[in-house]
Amino acid sequence: MTRPFRFGVNLMGLTTGDDWREKCRKAEALGYDVLLAPDHLGAPAPFPALVAAAEATERPRVGTFVLNTGFWNPALLAREVATTDALTGGRLELGLGTGYVKPEHDAAGLPWGSPGERIGHLRRTVEELDKLLASEEHRPQTLQKPRPPLLIGGNGDRMLRLTAEHADIAAFTGARSVPGDDSGKLLHLTAEELDERIAAYHRFAADRAEPAELNLLIQMVEVTDDRRAAIRPVVDYIPHLTEETALELPLLLIGTVRQIADQLRAQRERYGFSYITVLEPYFEAFGPVIEELAGS
């Protein structure tokens with residue numbers, strides 16, 4: 001079954017409350033379905049930002065994209081989730097990840113740990129949240145039952161197994177961490193590498209009663225009549241790829257509005273991505289694409 005498209009925007013910049021609310025209203029007017037907040041030091045605190053986003057708008061859902069789970073313990077996170085779900089009228093979607101930037105954990109005085117330890121903490125957090133939020137004794141209660149929809153982001157086998165077991169939404173970055181680098185630097189996945197990761201997820205999710213929604217985080221949107229000229233500066237940052245292979249990257253949307261819309265339709269057919277998230281710097285440029293894909 002082909003899912004209809006949904007579009008989210010990851011909003012990262014905060015100056016004043018009025019500016020934040022106006023930005024959220026503009027995203028709603030452009031057709032975005034989900035207003036999202038990341039969880040990084042230097043970015044707005046996600047939960048109050050989402051409450052303000054919901055108060056400023058009427059239609060979009062709101063969500064974390066994604067929480068650095070190492071910043072949280074399950075009991076305190078359950079309180080934040082339930083409160084935010086209640087204050088937003090049941091519009092919350094909860095996105096979780098392990099975190100991938102060691103300096104942020106160092107600055108917060110929090111342990112970093114090995115990849116296995118971070119994934120273990122994420123697993124314990126998910127399982128404890130499920131238990132706490134489903135309990136009739138938990139206060140406050142969520143409006144959505146048994147809990148808000150859960151998104152988990154990650155590409156490795158251990159993360160994909162966890163995602164297949166628990167997540168309503170499986171999020172793929174189209175990139176992976178550079179081995180031995182804890183600074184947050186990412187290496188783009190080729191189209192063929194992403195094929196392999198999607199296939200691995202489907203193997204782990206074979207026994208699911210219902211398929212998850214698949215999400216892709218887009219790293220760049222440029223509406224242009226000259227795709228080659230637009231990709232040349234990008235190739236300087238991804239020297240392991242040629243212009244041709246860079247233009248095939250699923251997480252880069254470069255071309256006319258019609259070309260980008262056709263690319264997203266093709267990627268939905270190939271990979272199953274129906275929930276598309278763009279970063280704030282590109283959210284206005286992407287607006288005409290949302291209009292082009294309306295009802296698809």
Side-chain angles (χ1 to χ4, degrees), residues 1 3 6 8 24 33-39 44-99 108 110-111 113 117-154 158-171 201 204-215 274-275 277:
M1 181 185 69
R3 289 178 180 264
R6 274 204 315 159
C24 293
D33 301 290
V34 195
L35 308 178
L36 300 157
D39 188 21
F47 290 110
L50 295 179
V51 171
E55 289 177 343
T57 59
E58 296 181 2
R59 180 185 55 83
R61 296 178 65 80
V62 297
T64 57
F65 198 89
V66 294
L67 294 185
N68 282 294
T69 309
F71 289 177
W72 302 88
N73 73 51
L76 296 180
L77 181 54
R79 180 181 66 174
E80 295 288 331
V81 169
T83 301
T84 303
D85 193 50
L87 291 176
T88 61
R91 292 159 67 182
L92 178 65
E93 297 180 2
L94 177 63
L96 300 178
T98 61
L110 295 168
E117 288 169 334
R118 296 197 299 277
I119 294 170
H121 176 67
L122 175 57
R123 177 177 288 278
R124 289 188 296 274
T125 299
V126 169
E127 292 172 349
E128 189 67 14
L129 282 175
D130 278 350
K131 183 171 68 175
L132 289 168
L133 295 177
S135 171
E136 294 294 331
E137 305 302 318
H138 188 269
R139 294 292 183 272
Q141 287 275 297
T142 58
L143 290 184
Q144 300 178 88
K145 300 298 181 183
R147 56 153 170 74
L150 176 63
L151 175 151
I152 297 179
R158 287 176 292 187
M159 285 293 291
L160 292 178
R161 285 192 184 95
L162 178 60
T163 302
E165 291 171 19
H166 292 280
D168 305 293
I169 306 163
Y201 169 76
F204 300 137
D207 294 332
R208 285 181 63 107
E210 295 183 10
E213 185 178 30
L214 301 190
N215 171 275
S274 59
Y275 178 11
T277 300

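Computed from a prediction, not measured in an experiment: that's the story for all the values here.
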Problem set entry | Point-to-point distance, once rounded to the nearest 0.5 Å, from CZ of Arg123 to CD1 of Ile152 | 8.5 Å

Exercise. Is Pro148 close to Thr142 at the side-chain level, that is, under 4.5 Å between some pair of heavy atoms?
Worked result: yes

Problem set entry | Between CG on residue Leu96 and CG on residue Leu129, distance to nearest 0.5 Å | 6.5 Å

Seminar exercise, completed: For Thr83 and Pro140, the nearest pair of non-hydrogen atoms, with its separation, is OG1-CG, 3.5 Å

Problem set entry | Nearest atoms (heavy-atom pairs only) where Ala170 meets Ala212 | N-CB, 4.3 Å

Seminar exercise, completed: Between Gln144 and Pro149, the two heavy atoms sitting closest are OE1-CD, 3.2 Å

Problem set entry | Salt bridge Glu128-Lys131, side-chain N to carboxylate O under 4.0 Å | yes

Problem set entry | Taking every non-hydrogen atom, the tightest pair across Leu151 and Ala171 | CD2-CB, 3.7 Å

Seminar exercise, completed: Closest non-hydrogen atoms of Lys145 and Gln141, given as atom of the first, atom of the second and distance, are NZ-OE1, 2.7 Å

For this session: State whether a side-chain donor-acceptor pair under 3.5 Å links Asp39 with Thr64.
Result: no

Exercise. When rounded to the nearest 0.5 angstrom, what distance separates OG1 in Thr69 from CG in Leu77?
Worked result: 7.5 Å

Exercise. If you measure from CG on Leu50 to CD on Glu55, what distance do you get to the nearest 0.5 Å?
Worked result: 11.5 Å

Exercise. Is the backbone of Asn73 close enough, under 3.5 Å, to the side chain of His121 for a donor and an acceptor to pair up by distance?
Worked result: no

Exercise. Strictly by modelled atom types, are Arg158 and Thr163 linked by a side-chain donor-acceptor pair under 3.5 Å?
Worked result: no

Exercise. Looking at Leu35, Thr57, Leu143, which hits side chain to side chain contact (heavy atoms under 4.5 Å, CB included) with Arg91?
Worked result: Thr57

For this session: Using a 4.5 Å cut-off on heavy atoms from C-beta on, say whether the side chain of Ile169 contacts that of Tyr275.
Result: yes

Problem set entry | Phe47 side chain near Leu87 side chain, heavy-atom distance below 4.5 Å | no

For this session: In sequence, state the C-alpha distance, the side-chain angles, and the governing distance for Trp72 and Leu67, and then conclude on side chain to side chain contact (heavy atoms under 4.5 Å, CB included).
Result: CA-CA 9 Å; Trp72 302 88; Leu67 294 185; 4.1 Å; yes

Exercise. Quick one: salt bridge (charged side-chain N to carboxylate O under 4.0 Å, His left out) pairs with a partner in residues 204-215, sequence neighbours left out?
Worked result: Arg6-Glu213

Exercise. Would you call Asp33-Arg61 a salt bridge at under 4.0 Å N-O?
Worked result: no

For this session: For the pair Asn68 (side chain) and Gly70 (backbone), establish whether a donor and an acceptor sit closer than 3.5 Å, ignoring hydrogens and angles.
Result: no

Problem set entry | Side-chain heavy atoms of Leu214 within contact of Ser274, under 4.5 Å | no

Seminar exercise, completed: The reported gap from CD in Glu93 to CG in Asn215 (rounded to nearest 0.5 angstrom) is 9.5 Å

Exercise. Between Phe204 and Glu165, is any pair of side-chain heavy atoms under 4.5 Å apart?
Worked result: no

Exercise. Just wondering, do Glu80 and Leu76 contact through their side chains at under 4.5 Å, heavy atoms?
Worked result: no

Problem set entry | Approximate separation, where rounding is to 0.5 Å, of Phe65 CZ and Leu94 CG | 12.5 Å

Problem set entry | Closest approach of Thr88 to Asp85 (non-hydrogen atoms, all atoms of both residues) | OG1-O, 3.3 Å

